[in-house]
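Here the structure is laid out as structure tokens; the discussion comes afterwards.
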Amino acid sequence: INISNDQSFSNGTAKLEVNDVASMASNRMEGFESKATDEGYDIENYLGISLYNSIYKGGKKDSNGNYESWDTPVENIDNKATITLELENDMSGKNLAIVHETHNGDEITGYELIDAVYNEENNTITFETDSFSNYAIVSKENTETEKYILTSGNVTFTFTDEANHDFEVTLMDALTLADEELESLG
């Protein structure tokens, strides 16, 4: 987690906990599934992401060997935090996003789709948020391919990658086909 200068942690350390939420109330699951389906995604996994302001107890360790701390839950922060999670399953060839359960205190107010970036090399997903609660990792097949036949002249294509970086490719006098050749290509 990367949190920039947030006053929520002036007296402690940020501690992030990520848990697999295998079971939750059916109305919550329906909310996640509805948002994912509306956006054309399938749910891969449900997560509970909690943030705490932790003050450590002077070097004392618990029975698991972890340092003991006083933990105060933090539901919202002033600035967006960047969260990177390592995934268990390879998600190559898929577009990934996050569905976040929005809330006002204990009241669920809706579900939002958050853009995410998948790093194929590290098998990680990165997204930004300023709220901590339940999330779902969602995916859809990457089917954004188009077929073009260039008959003459220059054509420029502009692409946007998953991190919203634009780049252009220009084909210059790449191919000239006769009408008979075009017909044979279908």
Side-chain angles (χ1 to χ4, degrees), residues 1-4 6-9 12-54 62-64 66-145 160-165:
I1 182 170
N2 181 12
I3 300 175
S4 60
D6 195 284
Q7 69 266 11
S8 301
F9 302 98
T13 302
K15 180 168 78 173
L16 186 74
E17 287 185 1
V18 180
N19 297 301
D20 185 17
V21 182
S23 62
M24 68 174 75
S26 62
N27 65 326
R28 287 181 143 170
M29 291 184 93
E30 289 170 7
F32 277 107
E33 290 169 6
S34 176
K35 182 63 174 177
T37 302
D38 289 350
E39 300 286 343
Y41 288 89
D42 296 316
I43 293 179
E44 295 291 335
N45 197 13
Y46 295 100
L47 302 172
I49 301 180
S50 302
L51 182 65
Y52 298 94
N53 184 16
S54 296
D62 63 17
S63 59
N64 296 323
N66 299 318
Y67 287 103
E68 291 183 6
S69 62
W70 292 285
D71 296 333
T72 304
V74 177
E75 290 186 4
N76 297 292
I77 57 177
D78 295 335
N79 301 309
K80 296 247 184 214
T82 302
I83 297 178
T84 300
L85 303 173
E86 186 174 342
L87 304 176
E88 287 184 12
N89 300 323
D90 180 20
M91 302 302 265
S92 298
K94 294 185 177 185
N95 290 327
L96 299 181
I98 300 290
V99 173
H100 173 230
E101 179 181 74
T102 59
H103 54 85
N104 183 7
D106 291 336
E107 179 187 349
I108 298 170
T109 57
Y111 297 85
E112 66 177 337
L113 187 72
I114 299 174
D115 291 332
V117 176
Y118 176 63
N119 181 316
E120 195 170 317
E121 183 178 319
N122 297 327
N123 199 38
T124 59
I125 187 171
T126 301
F127 62 98
E128 292 184 333
T129 188
D130 58 4
S131 176
F132 299 89
S133 59
N134 292 321
Y135 291 80
I137 298 173
V138 296
S139 71
K140 62 181 171 182
E141 294 299 321
N142 186 359
T143 58
E144 297 177 15
T145 59
T160 303
D161 67 12
E162 292 175 355
N164 290 323
H165 299 109

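All values derive from a computational prediction rather than experimental measurement. Basis for what follows: all heavy atoms, side chains included, without hydrogens, waters or symmetry-related copies.
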Next on the checklist: Which residue is it: T84, D115, T82? I am looking for the one with a side-chain hydrogen bond (donor to acceptor under 3.5 Å, both in side chains) to T126.
Outcome noted: T84
Which pairs of donor and acceptor atoms, one on a side chain in residues 40-51, lie under 3.5 Å apart (sequence neighbours left out)?
unit_1: E44; atom_1: OE2; unit_2: S139; atom_2: OG; d: 2.5
unit_1: Y46; atom_1: OH; unit_2: E33; atom_2: OE2; d: 3.3

Checklist entry - Cut-off 3.5 Å, side chains only: do S69 and D71 have a donor facing an acceptor? => result yes
Next on the checklist: Which residues pass the salt bridge (charged side-chain N to carboxylate O under 4.0 Å, His left out) test with E128, not counting sequence neighbours?
Outcome noted: none
Partners of [X] by side-chain hydrogen bond (donor to acceptor under 3.5 Å, both in side chains), sequence neighbours excluded?
X	answer
T102	T109
E68	none
D90	S92, Y118

Item to check | Expected output: side-chain D62 to main-chain N64 donor-acceptor under 3.5 Å | outcome: yes
Item to check | Main-chain N/O of V21 paired with N19 side-chain donor or acceptor, under 3.5 Å | outcome: no
Item to check | Pair V138-L113, side-chain contact (heavy atoms from CB on, under 4.5 Å): steps then yes or no | outcome: CA-CA 9 Å; V138 296; L113 187 72; 4.2 Å; yes
Value rounded to 0.5 Å, distance of [atom1] in [X] from [atom2] in [Y]:
X	Y	atom1	atom2	result
I114	K80	CD1	NZ	6.5 Å
E75	S131	CD	OG	7.5 Å
L96	K94	CG	NZ	8.0 Å

Checklist entry - Checking side-chain contact (heavy atoms from CB on, under 4.5 Å) for the pair T124/L87: CA distance, chi angles, key distance, verdict? => result CA-CA 6 Å; T124 59; L87 304 176; 5.9 Å; no
Which heavy atom in [X] sits nearest to a heavy atom in [Y], and how many Å separate them?
X	Y	value
F127	L85	CE2-CD1, 4.0 Å
A81	I77	CB-CD1, 3.7 Å
V74	N53	CG2-N, 3.8 Å

Item to check | Ring centre gap for Y135 and F32 strictly below 6.0 Å | outcome: no
Next on the checklist: Taking side chain to side chain contact (heavy atoms under 4.5 Å, CB included) as the definition, give me every residue that meets it alongside D38, ordered by chain and number, with sequence neighbours left out.
Outcome noted: S34
Next on the checklist: Run the side-chain hydrogen bond (donor to acceptor under 3.5 Å, both in side chains) test on T129 and H100 for me, step by step, so that the C-alpha distance in whole Å, both residues' side-chain angles and the decisive distance to 0.1 Å come before the verdict.
Outcome noted: CA-CA 9 Å; T129 188; H100 173 230; 4.8 Å; no
Checklist entry - Side chains of V117 and I125: closer than 4.5 Å at any heavy-atom pair? => result no
Next on the checklist: For residues 99-113, which residue pairs pass the salt bridge (charged side-chain N to carboxylate O under 4.0 Å, His left out) check, not counting sequence neighbours?
Outcome noted: R28-E101
Next on the checklist: Is there a side-chain contact (heavy atoms from CB on, under 4.5 Å) between Y111 and N134? Walk through the geometry before answering.
Outcome noted: CA-CA 10 Å; Y111 297 85; N134 292 321; over 6 Å; no
